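From a predicted model like this one, the values you see are computed outputs, not experimental measurements.
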Amino acid sequence: MSGPADVLAIACLLAGALLCLTAGLGLVRFPDVLTRMHAGTKPQVLGVLLVMVGGAIRLNGWSATWMLLLVAVFQLLTAPVSAHMISRVAYRRRHVRRDLLLVDELGDGSHQDTVYRGDEPGDAPPEHPPRSVPGG
Amino acid sequence: MSVEPAATRLRHQVPLVIWLVLVWILLWGTWSWANVISGLLVALAVLVFLPLPHVVGGVRVRPVPLLVFFGHFAADLLVSAAQVAWIAVRPGGVRQAAIVRVQLRTDSDLILTMVAEATSLVPGSLVLDLDREERLITVHLLHVDDEAAVAREKEDVLRTETRLVRAIGSAADLAALEAAA
Amino acid sequence: MIVVGYVLYTLIGGGALLALARLALGPSLLDRVVATDTLLVIISAGLAVYAALERDPTVVPVLVVVSLLAFVGTVSIARYVGGMLVRARTPDGRDLGLPVAAEEREGGS
């Protein structure tokens, strides 16, 4: 039951679970959407990989191993795409705490911050007229 | 869409077919000829009914630099995941973040995509925007204490690009890298 | 072994609860999307931990589905929110801001 393979598997599972917990912690503690993206998607990529490795070691039979490998590959391929899409929208809707930014080379210093209130994009008009959106 | 010789089209699509068949077999979990044949049929149906513009062009895989790239990538992943986890746990929380732009040097769709993916996957940095024309990549950084850290992170993105070009870049990409250096 | 199981489920359950807290708190739609994404990935990690501890491969296909669902859901919501941004711009690139709320449109005109 407790061969070296099992010990390795348990270590991987523990590390992965710990990373999942820190992802949750970061989600609650970080100040804005972009930093929460870091917390949500990042320790997770490694966390899920570790959990999958642990599972692959513990499960016998190649069928399950291949499927776990596939899940890991899908995670690696899709996580950056979804993170990019969310963060781009978040930046353009200015869900960014600018007071916490050390450098902002996208905004070029001339920010005229607009404050949006409410949840939905259509909830309330912005407080200031927004400047043109950077990029396309 | 421009008409191209059947041979080049085939050359571009063979890797895609192999990848799709591989995914199909992995999904079923067992190797059998029935799976291979049905996978081939599904892959061909996907390629015929949902055609994609191909990005793979002028790629030359060099095994040793590719291993170097993956090694650095795995190390980055471990170190930065620990950093982000520590930032989430430590009493102070997030102190400062930064948004920086980095001028990349290569002009290949595939390499730009992979640089963006690798940068996004490594914790602590998040790609906000990728300007294809200007080859500018905009990155949000979580862990920066001072200007030196910002410069270091920018260097990291460029170094990832260098490693990637050495691993899979064409001769033209390598030349672009040399010219910029 | 049983102790390890408890520790693992506690860690993952804690992560899931914190993600749920962010889902409830908001404050914006995008925060909730990020929280949902994280929650789904934590759930898939939990399923994998269950499969590993019990040596039970029956939940593995569910993992594939959950991980793909998380991606599709996130991307579609991001496109939905992003589409509102795009539609708020005129053809010559002038930014009109975001659409006016429905109540306001009815009240004003």
Original post:
Measuring heavy-atom distances to chain B, does A:Val28 have an atom under 4.5 Å in its side chain, in its backbone, in both, or in neither?
Top reply: neither
Original post:
If you count heavy-atom pairs under 4.5 Å with chain A, which of B:Leu126, B:Val84, B:Val127 comes out on top?
Top reply: B:Leu126
**OP:** Taking all non-hydrogen atoms of both residues into account, name the closest pair between A:Pro80 and B:Leu121 and its distance.
**Re:** CG-CG, 3.6 Å
Subject >> Residue part contacting chain A, namely of B:Leu78, when any heavy atom lies under 4.5 Å >> reply: both
Original post:
Are A:Trp66 and A:Leu69 close enough that some pair of their side-chain heavy atoms sits under 4.5 Å apart?
Top reply: yes
Subject >> Proximal component of A:Ile86, with respect to chain B [non-hydrogen, under 4.5 Å] >> reply: neither
**OP:** With a 4.5 angstrom heavy-atom cut-off, could you sort out which part of A:Leu77 is near chain B: side chain, backbone, both or neither?
**Re:** both
Original post:
Would you say A:Leu14 and A:Leu18 make side-chain contact, with heavy atoms under 4.5 Å?
Top reply: no
Subject >> Student check: side-chain heavy atoms of B:Leu20 and B:Trp24 closer than 4.5 Å >> reply: no
Original post:
Do the non-hydrogen side-chain atoms of B:Val100 and B:Glu153 ever get within less than 4.5 Å of each other?
Top reply: no
**OP:** Could you check whether the rings of B:Phe69 and B:Phe73 sit parallel, tilted or perpendicular, using 30° and 60° as the cut-offs?
**Re:** parallel
Subject >> Under 4.5 Å from any heavy atom of chain A - which part of B:Leu136 >> reply: neither
Subject >> Heavy-atom closest contact (B:Arg90 atom, A:Arg29 atom, distance) >> reply: O-NH1, 2.8 Å
Original post:
Tell me, side chain or backbone of B:Ser125 under 4.5 Å from chain A's heavy atoms, or both, or neither?
Top reply: backbone
Original post:
Taking only heavy atoms into account, what residues of residues 33-41 of chain B are found under 4.5 Å from chain A?
Top reply: none
Original post:
When rounded to the nearest 0.5 angstrom, what is the spacing between CZ in A:Arg58 and CD1 in A:Ile10?
Top reply: 5.5 Å
Original post:
Is the closest side-chain heavy-atom distance between A:Gln75 and A:Leu49 below 4.5 Å?
Top reply: no
